[in-house]
Enquirer: 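I have a structure I would like to understand better, so I am pasting it below and will then ask my questions one at a time.
The first residue in the sequence is number 1, and the count goes up from there. As the structure is a computational prediction, the values presented were derived from the model and not from experiment. What's counted below: heavy atoms across the whole structure, side chains too, no hydrogens, waters or symmetry copies.
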Amino acid sequence: MKGIQDYYPDHFAHCYGCGRLNEHGHQIKTFWEGEGTLTRFVPKEYHTAIPGFVYGGLLASLIDCHGTGSAALALAKAQGIELSETNAPRCVTASLQVKYLKPTPIGGEIVIKGKIKEVGARKVIVEAELFANGVLCVVGEVVSVLVPDNFGL
Ligand SMILES: CCCCCCCCCCCCCC(=O)SCCNC(=O)CCNC(=O)[C@H](O)C(C)(C)COP(=O)(O)OP(=O)(O)OC[C@H]1O[C@@H](n2cnc3c(N)ncnc32)[C@H](O)[C@@H]1OP(=O)(O)O
């Protein structure tokens, strides 16, 4: 199953967190799950803060790119955009807030769930919850803004 990131134009697909063309990056995929969004990620041993627990910066980056992916999904839905390899909205992070509620263990899958709080013409606010082994460890809020398709070209 494809994530929204599989539809980003190539020139927007190099992000360290979510770019499918960044061989060194996380390459996360974000999907709709009901009215919410979903991203899964399995941390490696080297994503360590202290042995056994995930580095917080990695968790922030997962919430960041889950937020921009969720925002792109929400804009596509709100604006009736049919996703294709040359046609997907692309959002950039304007603001990222993260609260670490509990240490996040390494070992097993992380699940990030997103709730679309607000969708405007260009701005989307996404609330995120990050779970490890079913336990809520981190919450966040991402403000994303649509970038023009020719940005950087
Ligand atoms: C380095 C990457 C650069 C971009 C690459 C794009 C390619 C994709 C790559 C993907 C990488 C993936 C992830 C990464 O790592 S992205 C890397 C980290 N992010 C950045 O470098 C973004 C840098 N900032 C900007 O480029 C501009 O400031 C943006 C584009 C964000 C807005 O400037 P722009 O002039 O376009 O917009 P606007 O002023 O008309 O405002 C529009 C709406 O947004 C609201 N708002 C604005 N700022 C904030 C804020 N801080 N908090 C809350 N809200 C904010 C504003 O009130 C308004 O709301 P409303 O009044 O409509 O309700």
Enquirer: Verify, without hydrogens or angle tests, whether Arg90 (side chain) and Phe12 (backbone) share a donor-acceptor contact under 3.5 angstrom.
Expert: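 Judged by distance alone, yes, a pair lies under 3.5 Å.
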Enquirer: Does the gap between the ring centers of His24 and Tyr16 come in under 6.0 Å?
Expert: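 Ring centres of Tyr16 and His24 not closer than 6.0 Å.
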Enquirer: Would you say Ser61 and His26 make side-chain contact, with heavy atoms under 4.5 Å?
Expert: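 SC-SC contact between Ser61 and His26 confirmed.
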Enquirer: Given side chains that start at C-beta, do those of Val145 and Thr93 come closer than 4.5 Å, heavy atoms only?
Expert: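 Side-chain contact under 4.5 Å: no.
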Enquirer: Enter the distance from Ile28:CD1 to Asp64:CG here, rounded to the nearest 0.5 Å.
Expert: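 Rounded to the nearest 0.5 Å, the CD1-CG separation comes to 8.5 Å.
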Enquirer: Measure the spacing between NZ of Lys113 and CD of Glu127 and express it to the nearest 0.5 Å.
Expert: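 Between Lys113 NZ and Glu127 CD, I get 14.5 Å after rounding to 0.5 Å.
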Enquirer: Please determine whether side chain to side chain contact (heavy atoms under 4.5 Å, CB included) holds for the pair Thr39 and Thr37, giving the CA-CA distance in whole Å, both sets of side-chain angles, and the decisive distance to 0.1 Å.
Expert: CA-CA 7 Å; Thr39 298; Thr37 58; over 6 Å; no
Enquirer: Would you mind listing every salt bridge (charged side-chain N to carboxylate O under 4.0 Å, His left out) that reaches into residues 24-37, with sequence neighbours excluded?
Expert: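 Sorted result for residues 24-37: Asp6-Lys29.
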Enquirer: Side chain of Arg122, backbone of Val147: donor and acceptor closer than 3.5 Å?
Expert: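 Here the side-chain-to-backbone pair does not exist.
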Enquirer: So with a 6.0 Å cut-off around CD of Gln79, is the heavy-atom count from everything else above 12?
Expert: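 Yes - once you tally the heavy atoms of other residues, nucleotides and ligands closer than 6.0 Å, there are more than 12.
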Enquirer: Between Val126 and Lys117, is there a side-chain heavy-atom distance shorter than 4.5 Å?
Expert: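 Side chain of Lys117 against side chain of Val126, heavy atoms only: no contact under 4.5 Å found.
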Enquirer: Would Val98 and Leu96 count as a side chain to side chain contact (heavy atoms under 4.5 Å, CB included) here? Give the steps.
Expert: CA-CA 7 Å; Val98 180; Leu96 169 66; 3.9 Å; yes
Enquirer: Taking everything shown except Tyr55 itself, do over 12 heavy atoms lie less than 6.0 Å from its OH?
Expert: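 Open: at most 12 neighbouring heavy atoms sit under 6.0 Å from OH of Tyr55.
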Enquirer: Decide yes or no for Leu101 and Leu136: does some side-chain heavy atom of the first lie under 4.5 Å from some side-chain heavy atom of the second?
Expert: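 The answer is yes, as the side chains (C-beta and beyond) meet within the 4.5 Å cut-off.
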Enquirer: Contact between Pro89 and Ile81 at the side-chain level, heavy atoms closer than 4.5 Å - yes or no?
Expert: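 Yes - at least one pair of side-chain heavy atoms lies under 4.5 Å apart.
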Enquirer: Do the side chain of Tyr100 and the main chain of Cys137 share a donor and acceptor less than 3.5 angstrom apart?
Expert: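 Looks like no, no N/O pair under 3.5 Å.
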Enquirer: Show the numbers, then the answer: is there a side chain to side chain contact (heavy atoms under 4.5 Å, CB included) between Thr104 and Leu130?
Expert: CA-CA 9 Å; Thr104 303; Leu130 183 150; 4.2 Å; yes
Enquirer: Considering non-hydrogen atoms only, spot the tightest contact between Ile112 and Ala128 and give its length.
Expert: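 Heavy-atom minimum between the residues: CG2-CB, 4.2 Å.
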Enquirer: Is it the case that more than 12 heavy atoms not belonging to Lys102 sit under 6.0 Å from its NZ atom?
Expert: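 For Lys102, atom NZ is not crowded (no more than 12 foreign heavy atoms under 6.0 Å).
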Enquirer: Indicate if Leu59 and Phe53 have the same hydrophobic cluster label, given that clusters are the connected sets of ILVMFWY residues with side-chain heavy-atom separations under 4.5 angstrom.
Expert: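 No: no chain of side-chain contacts under 4.5 Å links Leu59 to Phe53.
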Enquirer: Classify the angle between the aromatic ring planes of His47 and Phe41 as parallel (below 30°), tilted (30 to 60°) or perpendicular (above 60°).
Expert: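 Tilted: the ring planes of His47 and Phe41 meet at 30° to 60°.
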Enquirer: Report whether Leu62 and Ile106 are members of the same hydrophobic cluster (ILVMFWY, side-chain heavy atoms less than 4.5 Å apart, transitive linking).
Expert: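 Hydrophobic grouping puts Leu62 with Ile106.
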Enquirer: May I ask you to decide if Gly114's main-chain N or O and His66's side chain share a donor-acceptor pair within less than 3.5 Å?
Expert: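 Present.
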Enquirer: Is there a side-chain contact between Arg40 and Ile110 (heavy atoms, below 4.5 Å)?
Expert: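 Sidechains of Ile110 and Arg40: no contact.
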Enquirer: Does a salt bridge link Lys115 with Glu141, judged by any charged N lying under 4.0 Å from a carboxylate O?
Expert: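 Salt bridge: no.
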Enquirer: When you group the ILVMFWY residues by side-chain heavy-atom contacts below 4.5 Å and let the links chain together, are Tyr7 and Trp32 in the same group?
Expert: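 Looking at the clustering, Tyr7 is in the same group as Trp32.
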Enquirer: Find out whether Val142 and Ile63 are in side-chain contact, i.e. whether some heavy atom of one side chain is under 4.5 Å from a heavy atom of the other.
Expert: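 In short, these two side chains touch, coming nearer than 4.5 Å.
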Enquirer: Find the distance between OG (Ser70) and CD1 (Ile125) and round it off to the nearest 0.5 Å.
Expert: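 Output value for this atom pair is 13.5 Å.
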Enquirer: Under 3.5 Å, is there a donor-acceptor pair between the side chain of Gln27 and the main chain of Asn22?
Expert: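 Side chain of Gln27 to backbone of Asn22, a donor-acceptor pair under 3.5 Å: yes, one is there.
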Enquirer: Side-chain heavy atoms nearer than 4.5 Å, only ILVMFWY residues, links allowed to pass through others: does that put Val111 and Val54 together?
Expert: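 No, separate clusters.
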Enquirer: Roughly how far apart are Leu58 CG and Tyr46 OH, rounded to 0.5 Å?
Expert: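 Leu58 CG to Tyr46 OH: 9.5 Å, rounded to 0.5 Å.
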Enquirer: Hey, does Ile116 have a side-chain heavy atom less than 4.5 Å from the side chain of Val124?
Expert: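 Yes - at least one pair of side-chain heavy atoms lies under 4.5 Å apart.
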